[in-house]
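The chains referred to below are lettered A, B, ... by the order of the sequence lines, with proteins before strands, and numbering in each begins at 1.
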Amino acid sequence: MALDNADIAAVLSRIAVFSELAGENPFKARAFSSVARAIEKHPERVEDLAAQGRLREIHGVGKSIEEVVADLLVTGRSGLLEDLMGRFPAGIQDLLSVSGMGPKRVKAVHENLGVSTIGELEYACRENRLVALDGFGEKTQANILKAIEFRKRSQDSRLFSDALSIGEDLVALAVKSGHFRHVQIAGSLRRGKSSFKDIDILAILAPGTGTDGARDFLASLSDPDGIIGAGDTKVSIHRMGLQVDFRMVSAGSHASALQHFTGSREHNTLLRSRAKARGLKMNEYGIFRDDGTDIACPDEEAVYRAVGLGWIPPELREADGEMEAAEAGTLPVLVEAGDLRGMVHVHTDWSDGTRSVEEMARECRKRGFSWMCLSDHSRTASYAGGLDAERLVEQAEEVKALNRKLSPFRIFHGVESDILADGSLDYPDGVLDGLDFVIGSIHSKLTMGKEEATKRLLSAIANPRLTVLGHASGRLLLAREGYPFDEAAVLDALEAHGTVLEHNCNPHRLDPDWSLLRRAARRGIPISIDPDAHDPEGLDDMRFGLTMARKAWCTPERIFNCMEVEEADAYFRKRREAFGTS
DNA sequence: GCCGTTTTCGGCCCGACTGTTTTCAGTCG
């Protein structure tokens, strides 16, 4: 029974959810869900750890959870989970996804009204039956109904690009209002993520400003009927269908509030435990000693320093080893925009791009890049105007001429070759041998099973002419899952063949996910941050990929396109020499 | 259920907001 870490984590999370529903000790549920998170992120296969008797090495795994995992690995099932789930009708956990419905209320509507689906809950609200329950009233019922309706009409999440544009727009409006001294994006939008359910914005009140006016102003930014709550320090609204939480604090709490509202929750929990162990209390207003006096924190550096840590970049605040690294002084110096030299994976009007090679090259140069990897589509991608072998040769001539014209800027000539169903590339070897590099991507037959997809990827990676593996998972965020594949086998192959792994920065893709990127980078597989641009605006998507690379703990040394042009040239030459065509 | 610069038992981060309540429970982040 092969189970990967995600499968095991999913079972433990369900145990946590159903334990809460069953009204068990809430700390028990927390124990299961924190181990679920740890397993999901764990670099080693839990199945291997179990085989070596090393499960207890995972923080939070004790006797009981070890047994649950062992049970799961042997039988593929969990007796504990089945017992818990047996007490409730199927699908009841959906009720928890309605904002305002937590375990207690789900339990109450289920036990007293027989409600077990969102549809039944909506009906019960309309029949005015919730008000009869203890602890429920008119307003609670109305709010639950509103939350159900919101859930029905809104897409649950937004892309990075959408969330950022809504957030930046709100920051600009709030700054302009004059109510605030500073307005700043916090939360997961500051930490970086591939999709967003809400955004957090920190607003520091201007001197002498009253909270009433500030609160009313922020509430006025809401969609019609979109105010979720508005108090003295917190205003929550829906803006363009996305939940936005504003937090207002005075200037003295700026640094603590920024740290607090940036999160993640798990990171903050660890940080506050740490503070507590040092006799300090930490909250969004400051850091306090036992006697109530506070430690002055002019900036986030001071906040971390107060608990004996160096400053941790927001992207790393996921409770995944950053605290230990900060304590040991081994935090990585993360890649920055200024470290990037090459723009890899650029399309032009030779295939489905909108601009000429020269225009795209000049746009790259304008953005401070010194080289570009031109990669139009290959012949099988006829829907995208893919190039046949003759056109590819013509394009090579144009690239040669442009390289003379634009020197010292350098265009490397390659192609984004479809990886065909059997894993082969889209041209005969002789054609590929004339190129500087080849990006291989899967664009067709996306519904393969795990075994078939893995075989297809492995066969492409084993081809020495493949330089870069493009958008490896095939996912489209909020739209398409991507095909399943054996991650460990693919990473092994990339490592063995010295193949570059692309991180595709298109906000619809952000592929592969930063968590996989981190595992790849940890093995020393070079990562290329690629815009997959079809026009100049597409080049600016690099900012999203850069954030993901930072979340993956990447230093410039890990990033392929941080190489200088001479190094990149030498790299491509060496790759080609390996199969004797330089 | 887990764990130990406070500990093998007693805690487990901390606060805002809302609504149903006269002092707090539930939910959320």
Side-chain angles (χ1 to χ4, degrees), chain A residues 12 15-16 19-20 22-36 38 55-56 58-69 80 84 95-109 130-144 146-147 186-189 191 196-202 211 215 219 227-237 243-249 253 256-257 259-288 290 307-308 319 327:
Chain A
L12 297 178
I15 291 174
S19 298
E20 273 201 278
E24 298 201 17
N25 178 357
F27 293 108
K28 178 177 166 183
R30 190 187 296 179
F32 276 94
S33 78
S34 85
V35 172
L55 272 180
R56 300 283 275 268
I58 300 174
H59 188 81
V61 176
K63 186 162 175 286
S64 299
I65 295 184
E66 182 181 34
E67 277 171 15
V68 169
V69 173
L80 174 60
L84 283 166
L95 290 176
L96 289 167
S97 70
V98 174
S99 178
M101 291 293 292
K104 297 285 194 304
R105 287 180 181 162
V106 168
K107 196 160 182 266
V109 297
L130 262 62
V131 293
L133 303 178
D134 275 352
F136 286 75
E138 295 276 354
K139 289 196 172 175
T140 303
Q141 177 173 276
N143 284 340
I144 289 171
K146 212 162 130 185
S188 52
L189 199 49
R191 297 200 311 278
F196 297 81
K197 282 193 185 306
D198 53 49
I199 60 187
D200 297 283
I201 296 178
L202 176 65
T211 52
R215 178 191 59 214
I227 298 174
I228 303 165
D232 287 340
T233 68
K234 180 175 173 180
V235 173
S236 295
I237 62 171
Q243 179 167 337
V244 180
D245 296 323
F246 292 99
R247 306 299 304 252
M248 296 179 282
V249 300
S253 299
S256 280
Q259 193 291 314
H260 178 89
F261 296 133
T262 297
S264 64
R265 193 191 313 197
E266 292 80 10
H267 174 88
N268 284 356
T269 300
L270 288 179
L271 205 62
R272 288 196 288 264
S273 299
R274 192 181 166 87
K276 193 168 181 181
R278 295 172 166 241
L280 300 169
K281 187 173 80 161
M282 212 176 161
N283 58 30
E284 54 266 61
Y285 302 109
I287 302 181
F288 305 91
D290 262 351
V307 291
E327 176 151 42

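- As rounded to whole Å, 12 Å separates atom P of B:dC14 from atom CG of A:N268.
- In terms of the side chain to side chain donor-acceptor pair (under 3.5 Å) criterion, residue partners of A:Q141 (sequence neighbours excluded) are, by chain and number, A:N128.
- If you measure from atom CG of A:L271 to atom C1' of B:dC13, you get 10 Å, rounded to the nearest angstrom.
- Spacing of P atoms, B:dT21 relative to B:dC14, comes out at 30 Å, to the nearest Å.
- Taking a cutoff of 4.0 Å between a charged side-chain nitrogen and a carboxylate oxygen, A:R247 and A:D200 do not qualify as a salt bridge.
- For the side chain to side chain donor-acceptor pair (under 3.5 Å) test, no residue two or more places apart in sequence or in another chain qualifies with A:E20.
- Of the charged side-chain nitrogens involved, none lies within less than 4.0 Å of a carboxylate oxygen, so that A:E284 and A:K234 do not count as a salt-bridged pair.
- Between B:dG10 and B:dA16, the two C1' atoms lie 28 Å apart (nearest whole Å).
- Of the C1' atoms belonging to B:dT23 and B:dG29, the separation is 24 Å, rounded to the nearest Å.
- Base pairing annotation: B:dA25 forms a Watson-Crick or G-U wobble pair with B:dT18, both donor-acceptor distances under 3.5 Å.
- Remark: A:R272 pairs with A:H260 by the side chain to side chain donor-acceptor pair (under 3.5 Å) rule, at least two apart or across chains.
- One interatomic measurement links the two molecules: CD1 of A:I144 to C1' of B:dT18, which rounds to 12 Å at whole-angstrom precision.
- Separation of atoms CG (A:N268) and CG (A:N283) is listed at 11.0 Å; rounding is to 0.5 Å.
- A sub-4.0 Å separation between OP1 or OP2 of B:dG19 and a side-chain N or O of A:T140 is absent.
- As rounded to the nearest Å, B:dC2 and B:dT8 have C1' atoms that lie 12 Å from one another.
- For the C1' atoms, the distance linking B:dT20 with B:dG26 amounts to 11 Å, nearest Å.
- Between B:dT5 and B:dG19, the two P atoms lie 43 Å apart (nearest whole Å).
- The separation between A:R278 atom CZ and B:dT6 atom C1' is 15 Å, rounded to whole Å.
- Atom CG of A:L270 and atom C1' of B:dC13 are 10 Å apart (whole Å).
- Here A:R105 pairs with nothing under the salt bridge (Lys or Arg N to Asp or Glu O under 4.0 Å) rule; sequence neighbours left out.
- Nucleotides of DNA chain B nearest to A:Y285 and A:Q141 differ in position, and the one nearer the 5' end is that of A:Y285.
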At a cut-off of 3.5 Å, list every protein nitrogen or oxygen paired with a nitrogen or oxygen from nucleotides 9-12 of chain B, distance to 0.1 Å.
residue, atom, partner, partner atom, Å
B:dC12, OP1, A:K276, NZ, 2.4

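- Separation of the P atoms belonging to B:dC9 and B:dG15 is 30 Å when rounded to the nearest angstrom.
- For A:R265, the side chain to side chain donor-acceptor pair (under 3.5 Å) test picks out no residue, with sequence neighbours left out.
- Rounded to whole Å, atom P of B:dT6 lies 12 Å from atom CZ of A:R274.
- For A:R30, the salt bridge (Lys or Arg N to Asp or Glu O under 4.0 Å) test picks out no residue, with sequence neighbours left out.
- Residues passing the side-chain contact (heavy atoms from CB on, under 4.5 Å) test with A:A22 are A:E24, A:L84, A:R87, A:F88, sequence neighbours excluded.
- We find that CZ of A:F288 is positioned 14 Å from C1' of B:dC13, with the value rounded to whole Å.
- Regarding contacts with the backbone of B:dG15, every side-chain N or O of A:T233 stays at 4.0 angstrom or more from both OP1 and OP2.
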Per-nt protein contacts along nucleotides 24-29 of chain B (heavy atom under 4.0 Å; B base, S backbone sugar-phosphate only, - none) come out as --SSSB
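- OP1 or OP2 of B:dG15 has at least one side-chain nitrogen or oxygen of A:N283 nearer than 4.0 Å.
- Considering only side-chain atoms of A:N143, the nucleotide from B:dG19, B:dC14, B:dC2 that sits closest is B:dG19.
- Heavy atoms of A:D134 sit nowhere under 4.0 angstrom from any nucleic acid atom.
- When each of A:K139 and A:V235 is assigned the nucleotide of DNA chain B bearing its nearest heavy atom, the one mapping closer to the 5' terminus is A:V235.
- Between the CZ atom of A:R247 and the C1' atom of B:dC14 there is a distance of 11 Å, rounded to whole Å.
- The phosphate of B:dG1 has neither OP1 nor OP2 within less than 4.0 Å of any side-chain N or O from A:S19.
- Checking side-chain atoms of A:R215 against main-chain N and O of A:T233 turns up no donor-acceptor pair under 3.5 Å.
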